[in-house]
Amino acid sequence: MSERIFIGVAWPYADGPLHLGHIAGAYLPPDIFARYHRAKGNEVLMVSGSDMHGTPITIKAEHEGKTPGEIVTQYHQQFLASWQKLGISFDLFTNTGTANHAEVSCDIFLTLLDKGYIYKASVSQPFCPVCQRFLPDRYIEGTCPYCNSSGARGDQCDDCGKPINAVELINPRCRSCGAAPQFKDSEHFYLKLTAFRDRLLDWVKQQTHWRQNVLNFTMRYLEGGLKDRAITRDIDWGIPLPLDGFEGKCLYVWFEAVIGYLSAAKEWAKSSGDDEKWRSFWQGEVKSYYFVGKDNIIFHTIIWPAMLMGYDGLNLPYDVPANEFLTIEGKRLSTSRNWAVWLPDYLSRYDPDPLRYLLSINMPETSDTDFSWREFIRRNNDELVATYGNLVHRVLTFTYRSFNACVPVPGQLDNHSQALLSSASDIFNTMDNLLYHCHFKEAIRSAMSLAQETNRYLDEKSPWKVIKQDRQASATALYVAISVLSCLKTALYPFLPFSSQKLHEFLGFKGSVEDDGWKLHFPPPGQKLLPPEPLFSKLDEELVDEETSRLGHVHY
RNA sequence: GGCAGCGUAGCUCAGUGGUAGAGCAGAGGACUCAUAAGCCUUUGGUCGUGGGUUCAAAUCCCUCCGCUGCCA
């Protein structure tokens, strides 16, 4: 029975490169999930895109003497290249700068306005009399009322880290011309979140399959902090309000970005030639998953669901398997202090699968976990290479040499051989269940335990020794081992797609692992093997110091 | 300051009431097909502290200490 799965992935902000925290938190998990479901033969639509609007981008553009458009285009291209290299298999990775997205966003805005879920209110906003424009919080500088530092902005003080309201700043001034801002009334629109409180509570209480951290966080917010929120800003970099008399105002990014999930589905449908195809992933029998980091939980468990409830007729999220954070060498990531491992940097020097392996087996599913280069290299050398890679290599090289480069013809299977094969089958089924429920870490650990068990089996059977007296016994043991490799290449495919594909070919299979489906494939005896090569390479331990020393150096 | 979470072997992490686990690191051993990989044996924890509930607590409750996050 085929299922339909919609996978929405958090939209990365196009003002800087991606780092490993992003990947571990939001990008690798949905890719594992999507590959698993596609292999099972389910229909998957996995979408995301670059978030191109918002004040940080205009500020960065001014800093670098570029236009906002140049900045976001540059990072959008970089994101696309990263997905390709890392193997993050989006069906569509678009961006919020498209005409389609503006159209869909305006439709939602107008519909919610029409139904009374959006209302207008007048608020006092800082206005620069020289520049003749309203100033976003980040465009105002002044003295921090808490620590007296002179470089505080209207949203927060970088020195003491405290959040600030623009009105509290001492000696406020416009960041571009230095003039003192005046406060003027400005009309803005608010999303009436409070109107959805009871419906949200009822709905969330039914989501017993959600992760505990997601449920807790959401309930706390619903019971305590639910407020109507402004959804428009006085800026010109964004989606203009589709109403007369509101020139110079745009939709606030947080309101508009989540709509991207819907607009991306529509864009995907259009490019497929069937404009209405998006409906099959938004209405009726389909499960919607949203993969995000924990900082994004409420946008996907409260705000976006409220918008969908108000709009009516589209599916609410089925699950939001949010991950916790990744720390680097024990410390919290910091972009400004360059305490991060940047993805393009990583991909310029290393293969994708070792990173996918580490971030999977040490995924921050239920609590923060740590990335260190020492751990990365150790896991690569002692687990990926030594346990799995070497298992593949020892089986294939010996078979290739001693059995004429073909899958050997097995004899009668003894108890031990049958036990290993049934263990492979059990583990495969266990992994199926774990992946279905988004328990990625435990799933990949199961696969590794099967590799270990197979190493033990080989040691006991010693086909390299037995072959001298009993060629048939050797052939049988190798056939059994090769069958397990075939199981592993499928089971590990969602995690390690590149090396699984290689193994698939070494074993003599044609086409792609994914097309062969999520089931056990025993290579037919006699099937011609390809000349085996190591699946993974060891990494020099000296890289630990070399890589670690890159951290913390600000280079721009 | 308020709220939440975390604190388990040297390291990275599992483990939500029933005799403390894995991988790696350390020690010893047999083997040699394999990227000196794999396999076997073994050392190592009074599960942050102090109390409580229970026949029984890493697991539930409270105090304190330390760390982290969110909010003010």
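Every chain is numbered from 1, with letters handed out A, B, ... down the list of sequences.
- For Asn381(A) and G38(B), the CG to P distance is 11 Å, given to the nearest whole Å.
- Taking the side chain of Phe536(A) as heavy atoms from C-beta on, and the options G23(B), U35(B), U12(B), the nearest nucleotide is U35(B).
- Across U68(B), C13(B), C39(B), the shortest atom-to-atom separation from the side chain of Asp459(A) is found for C39(B).
- The aromatic ring of Trp464(A) sits over the base of C33(B), with ring centres less than 5.5 Å apart and planes tilted by under 30°.
- The shortest distance between the side-chain N/O atoms of Ser462(A) and the OP1/OP2 oxygens of G38(B) is not below 4.0 Å.
- Look at G38(B): it lacks any Watson-Crick or wobble partner with both distances under 3.5 angstrom.
- Not less than 6.0 angstrom separates the ring centroid of His19(A) from the ring centroid of Phe371(A).
- Counting only heavy atoms from C-beta on, His393(A) has its side chain closest to U35(B) among A25(B), U35(B), A14(B).
- Contacts of Phe325(A) with the nucleic acid, taken as non-hydrogen atoms under 4.0 Å apart, are absent.
- The distance from atom CG of Leu215(A) to atom C1' of U16(B) is 16 Å, rounded to the nearest whole Å.
- Among the protein residues, Ile297(A) comes within range of no part of the nucleic acid, since none of its heavy atoms lies under 4.0 Å from any strand.
- Residue-to-nucleotide contacts include no donor-acceptor pair under 3.5 Å from the side chain of Asn390(A) to the base of G38(B).
- In this structure, G44(B) forms no base pair with any nucleotide, since neither Watson-Crick nor G-U wobble geometry is met with both distances under 3.5 Å.
- Note: CG (Leu396(A)) to C1' (U35(B)) measures 14 Å, nearest angstrom.
- Where Phe217(A) and Asp382(A) meet RNA chain B, the nucleotide closest to each residue was compared, and Asp382(A) sits on the side nearer the 5' end.
- Distances were taken from every side-chain heavy atom of Arg378(A) (C-beta onward) to each of U12(B), C24(B), G38(B); the shortest belongs to C24(B).
- Picking from U12(B), A14(B), U68(B) the nucleotide with the shortest atom distance to the side chain of Lys441(A) gives A14(B).
- Using C1' as the reference atom, G50(B) and C65(B) are 11 Å apart when rounded to the nearest Å.
- Taking atom CG of residue Leu384(A) and atom P of nucleotide A34(B), one finds them 21 Å apart after rounding to whole Å.
- Of the candidate nucleotides G23(B), C33(B), U35(B), G23(B) has the atom lying nearest to any side-chain atom of Gln452(A).
- Residue Thr454(A) is out of contact with every strand shown, counting any heavy-atom pair closer than 4.0 Å.
- Enclosure of atom CZ in Arg173(A) by more than 12 non-hydrogen atoms of other residues, nucleotides or ligands within 6.0 angstrom is indicated.
- When the C1' atom of U12(B) is taken as reference, atom CH2 of Trp373(A) falls 17 Å away, rounded to whole Å.
- A30(B) sits 16 Å from C40(B) when the P atoms are compared, rounded to a whole Å.
- Taking side-chain N and O atoms only, Arg401(A) has a distance below 4.0 Å to OP1 or OP2 of A34(B).
- Distance Asp540(A) CG to U35(B) P: 18 Å, rounded to the nearest Å.
- Rounded to an integer number of Å, the gap from CD of Glu383(A) to P of C11(B) is 18 Å.
- Residue-level contact check: Thr399(A) touches neither bases nor backbone, having no heavy atom under 4.0 Å from any strand.
- For Glu453(A) (side chain) and Ser423(A) (main-chain N/O), no donor-acceptor pair under 3.5 Å exists by modelled atom type.
- Across C40(B), U12(B), C33(B), the shortest atom-to-atom separation from the side chain of Asn362(A) is found for U12(B).
- The separation between Glu324(A) atom CD and C13(B) atom C1' is 15 Å, rounded to whole Å.
- For the pair Lys538(A) and A37(B), the criterion of a side-chain N or O lying under 4.0 Å from OP1 or OP2 is met.
- Under the 6.0 Å cut-off for aromatic ring centres, Tyr318(A) and Tyr289(A) qualify, their centroids lying closer than that.
- Base pairing of G50(B) is made with C62(B), judged by Watson-Crick or G-U wobble geometry with both donor-acceptor distances under 3.5 Å.
- With Arg211(A) as the fixed residue, the side chain to side chain donor-acceptor pair (under 3.5 Å) test singles out one of Asn323(A), Asn216(A), Asp319(A): Asn323(A).
- The partner of C33(B) cannot be assigned: no Watson-Crick or G-U wobble pair with both contacts below 3.5 Å exists in any strand.
- At distances below 3.5 Å, not a single donor-acceptor pair connects side-chain atoms of Lys489(A) with backbone N or O atoms of His504(A).
- Using a 4.0 Å heavy-atom criterion, one finds that Pro534(A) contacts the bases of the nucleic acid, with or without backbone contacts as well.
- A donor-acceptor pair is defined here as one N or O able to donate and one able to accept, closer than 3.5 Å; such a pair exists between the side chain of Asn455(A) and the backbone of Thr387(A).
- Thr366(A) has a side-chain polar atom (N or O) that falls below the 4.0 Å cut-off from OP1 or OP2 of A14(B).
- Pairing for U19(B) is absent, judged as Watson-Crick or G-U wobble with the two contacts each under 3.5 Å.
- Ring to ring, Phe376(A) and Tyr346(A) are close: their centroids are under 6.0 angstrom apart.
- Heavy atoms of Arg374(A) sit nowhere under 4.0 angstrom from any nucleic acid atom.
- Across all strands, Lys294(A) comes closer than 4.0 Å to no nucleic acid atom at all (heavy-atom distances).
- Partner assigned to U68(B) is A4(B), using Watson-Crick or G-U wobble distances below 3.5 angstrom.
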